Amino acid sequence: METPDELPELPSALDEFVGRAEELTQLRSRLRSARLLTLVGPGGAGKTRLALELARQIRGDRVGLAELDSLSDGDLLPHVVAVALGIGERNGTSMHETLCQALGRHRTLLVLDNCEHLVHACARLADVLLRRCPGLRILATSRESLRVPGESLFRVGELSLPKSDDIPALLRSDAVQLFTRRAQACDLGFELTADNARAVAEICRQADGLPLAIELVARRVGSLPLDHILAGMDDQFTMLTEGCRTAPERHHELRSTIGWSYHLLDPAEQAVLRRLAVLPGGFSLDGASAVCADSDLGQDAVPRLVHVLEAKSLVVADSGAGPPARFRLLNAIRTYGLERLEAAGELTEAKERAADWLAGQIPRPAGPQFHGEQLTDKLQHELDNLAAAVDHTAVRPDDRHLLLAMALACLWLQRDHWTTGRQVLANALERVADSSYHVNAIALAARMATLQVDHSEGLRLAERAMTLARARADVGELADATDTWALALTGRQDFAGAVASYRDCLELVRSLNRPQDIAFCQKSLAWTLFRAGELTEAGELMDACLPGIRAFCSDPYLASALHTVGLLRLTAGDLVAAEAAFVEELCLTPKDSRGVAFALEGLAIVAGRRGELHRCLCFVTVAAELRRQINIPLDAEWLHRVEETASKARNGLGPAGTDAALAASRHLQGERLLSCVRREPSRQSQKDPLLTERELEVVTLVAEGLTNREIAARLRLSPSTVATHLNHVRDKVGKRSRIQIALWAKTHYEDFRNADNG
């Protein structure tokens, strides 16, 4: 018998290991405490490469690599491990016993690579060796865990993807780094530039950050332009071929890699995996059960099978969603699943079940629709699935097609993709000549046109909805159409006509005895009365309907109602109540949506009325940038009020104060913005006294190197007043010289970002 004094060396890497720095740090820490560490992940995730890189960094242990991809007989596993550890056979002794005796207490790291097809044999051997060889540690790679006591699991996921398409963000992405390095191996002249950044980022996203997919597609650089490569990603299995000739056979192309995993599944697991492929937007367990179950596979069995597939790294848990928990398939696995689904003759049936399930999640529209919220309450995460269902049902359009299209249009509307939403609905209305949802769909189309300031089309569609609703004599449909007609009249500045129509709508919904519709109509009527100058009745109606809106409506609609409350209080001169309403509105509004801009502009007007000019201009600037980014149209009257407020703030602040406000506004995002609007002390203001607005202006100019006389001229103050402000600053921050003040300001205020100052 041999002792493993000289182990075979690990194979040398022929190309550079890229990325995974954070994962390697975590794995080194895990391996110090865990004697069995299993790297699990889908095929092509780079488990083997990561394990070998980790093994090369281990000091003090002898390392042996057992490559199992070509081994099909689990009984031979101990012999393969013995060869990897440099241990020979011993006559009359089982190989298990030989391994245990040879390893003894030697500090050894055994790498078991590709265990998934021999998972039971690997688990038995690992259990025996770890119990009897206290110096042994095992590093395994597999698509599912070994489930041995003491096993530590580490999921190897996708490489980090770029969060934006600018060069610095791309360079921080492991996926882009890998693509770039491998592309340069094929084309020495390739480099990441502003011109190709978007294409590279999108290629990596389409590849799901999967290392094998990225390696394969990068080999096309030099022979194909990047835009052709990106277009070819729609057919990933054609694009992602021609892998390294010396790699395992299943890694030569992505289809083989995924097929290897698929064929290890039992028939029920295969059925669930391929049927899930009709849900491109991911799925909940309820959705999976509805789509995958059939006469042979009960709905109760599907959740367990989804979890089995997750354990085998074929389904990915979506950590950013839920509750309820959601899962997804990587793009390449979904593409393979669709191929298998079509080959099994199940594609149409699975798509039908998906469309039926999605349609069943949509409450039937009745009465004013809260801008479609009734349609989308359960479907916030299903946009891509809805789009697929709309495409499928378009072949033979019916009631279900129109209902799905309405929900999809509303989801686009809620994401501020108004044109896309309108087009989805217009296409569905062209396909479905008559439907039980026809009035509701036309009314929704009219509402969307009006809100996108397409008033002539909004009025035309609203009139059509009214005509159809009267002919059908359905009270709910007539209420919906009347509400839409009133909105279209409001868009045309016909406030008298709109008020009359909203009163009619209110009477209709009262007859339906639906509290949420009553609150909805009261709010709409109150807003129109406000626009018509009928402030007393508008205020009374808002007081009456706000409790109902809080009780029955979603946060975005409550935010819209609070905007009306804020404007009413602002008009009445109650600045405290107005600010409270606008602050609550902002806190309820999804970030980066048009509602944020309206709330900030309301707060800016309040700040301007109070003389808080720095705060006012900061909010106006942040709102303007948001409007620019998502192209939000402005009502002419509101635009005039906002611009007038901003102009007064700029005049009052002067050039230096304006510059300071603009600099501060660049930092007002996310939690910092919410803290500012709530007037919560920033982390900095808890450490240092907050300077007054004028003191900030003076300090800004001191940091620019201006003298007191020059500052006085810029701010239209006397030199003695400037000196007084500087003395106050010195007392507050404990700095005496001008240089110390300038350095302190730059260090502590970071472009004087405290927009809540004043």
Side-chain angles (χ1 to χ4, degrees), residues 362 364-376 390 399 401-506 508-509 517 520-521 523-525 527-528 531 556-557 560 594 632-633 635:
I362 306 171
R364 297 320 185 243
Q369 294 176 31
F370 304 94
H371 295 261
E373 290 166 21
Q374 288 182 357
L375 295 173
T376 59
V390 168
D399 268 13
H401 175 67
L402 194 54
L403 185 64
L404 291 166
M406 290 168 67
L408 179 59
C410 289
L411 282 178
W412 282 123
L413 175 69
Q414 290 166 14
R415 287 160 173 76
D416 286 320
H417 288 267
W418 295 63
T419 302
T420 303
R422 287 181 65 187
Q423 191 60 54
V424 165
L425 195 51
N427 291 343
L429 283 167
E430 283 184 10
R431 295 187 188 107
V432 182
D434 189 25
S435 163
S436 57
Y437 306 122
H438 220 62
V439 171
N440 301 114
I442 295 170
L444 179 59
R447 184 175 289 116
M448 295 173 75
T450 300
L451 293 174
Q452 207 178 13
V453 201
D454 186 356
H455 296 307
S456 58
E457 179 67 3
L459 204 63
R460 184 189 71 80
L461 288 168
E463 186 174 17
R464 182 180 168 199
M466 285 287 288
T467 300
L468 284 174
R470 288 186 180 120
R472 293 163 66 98
D474 182 289
V475 177
E477 290 182 353
L478 185 57
D480 191 8
T482 304
D483 171 78
T484 304
W485 175 250
L487 180 66
L489 292 176
T490 302
R492 295 291 294 268
Q493 308 292 302
D494 182 359
F495 299 123
V499 166
S501 292
Y502 276 129
R503 293 192 194 281
D504 291 343
C505 182
L506 187 55
L508 287 167
V509 297
D517 282 343
F520 176 92
C521 286
K523 183 268 176 186
S524 300
L525 177 56
W527 169 248
T528 312
R531 298 291 302 278
Y557 190 74
S560 174
R594 63 180 52 213
I632 307 172
D635 174 81

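Given the structure is predicted, the values throughout are model-derived calculations rather than measurements. Every heavy atom of this structure was used, including side-chain atoms; hydrogens, water molecules and symmetry mates were not.
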Run the side chain to side chain contact (heavy atoms under 4.5 Å, CB included) check on Arg447 and Leu413 step by step: do they pass?
CA-CA 11 Å; Arg447 184 175 289 116; Leu413 175 69; over 6 Å; no
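- No side-chain heavy atom of Val509 sits less than 4.5 Å from a side-chain heavy atom of Phe520.
- Between Leu459 and Trp485 the shortest side-chain heavy-atom distance falls below 4.5 Å.
- With rounding to the nearest 0.5 Å, the separation of CD in Gln452 from CG in Asp454 is 7.0 Å.
- A distance of 8.5 Å separates CZ in Arg531 from OG1 in Thr528, rounded to the nearest 0.5 Å.
- Residues Ala498 and Thr490 come closest through the heavy atom pair CB-OG1, 3.2 Å.
- Of the inter-residue distances, the one linking Trp527 atom CH2 with Leu487 atom CG reads 11.5 Å to the nearest 0.5 angstrom.
- Interatomic distance, CG of Leu425 versus CE of Met448, reported as 6.5 Å (0.5 Å rounding).
- Looking at heavy atoms from C-beta onward, Leu444 lies in side-chain contact with Cys410 at the 4.5 angstrom threshold.
- With a 4.5 Å cut-off on side-chain heavy atoms, His417 and Val424 do not count as touching.
- Around CD of Glu463, the count of heavy atoms belonging to other residues, nucleotides or ligands within 6.0 Å does not exceed 12.
- The distance from the CD1 atom of Ile442 to the CE atom of Met466 is 13.0 Å, given to the nearest 0.5 Å.
- Side-chain atoms of Tyr437 and Arg364, non-hydrogen and from C-beta on, do get closer than 4.5 Å to each other.
- Separation of atoms CG (Leu478) and CG (Leu468) is listed at 11.5 Å; rounding is to 0.5 Å.
- Counting only heavy atoms from C-beta outward, the side chains of Thr419 and Trp412 never approach each other to under 4.5 Å.
- Contact check for Glu477 versus His438: no side-chain heavy atoms found under the 4.5 Å cut-off.
- Among all heavy-atom pairs drawn from Cys521 and Leu506, the shortest one is CB-CD1, 3.8 Å.
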Output side-chain donor-acceptor pairs under 3.5 Å for residues 426-433, partner residues at least two apart or in another chain, one line each.
{"residue": "Asn427", "atom": "OD1", "partner": "Gln423", "partner atom": "NE2", "Å": "2.8"}
{"residue": "Asn427", "atom": "ND2", "partner": "Gln423", "partner atom": "O", "Å": "3.3"}
{"residue": "Arg431", "atom": "NH1", "partner": "His401", "partner atom": "NE2", "Å": "3.2"}

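- Two residues are said to be in side-chain contact when any heavy atoms from C-beta on lie closer than 4.5 Å; Ile362 and Met406 fail this criterion.
- The two atoms that bring Gly491 and Thr450 nearest to each other are CA-CG2, 4.4 Å, heavy atoms only.
- The shortest non-hydrogen separation linking Ser501 to Thr482 is O-CG2, 3.3 Å.
- Closest approach of Ala446 and Gly458 over heavy atoms only: CB-O, 3.5 Å.
- Asp474 is linked by a side-chain hydrogen bond (donor to acceptor under 3.5 Å, both in side chains) to nothing, counting only residues two or more places apart in sequence or in another chain.
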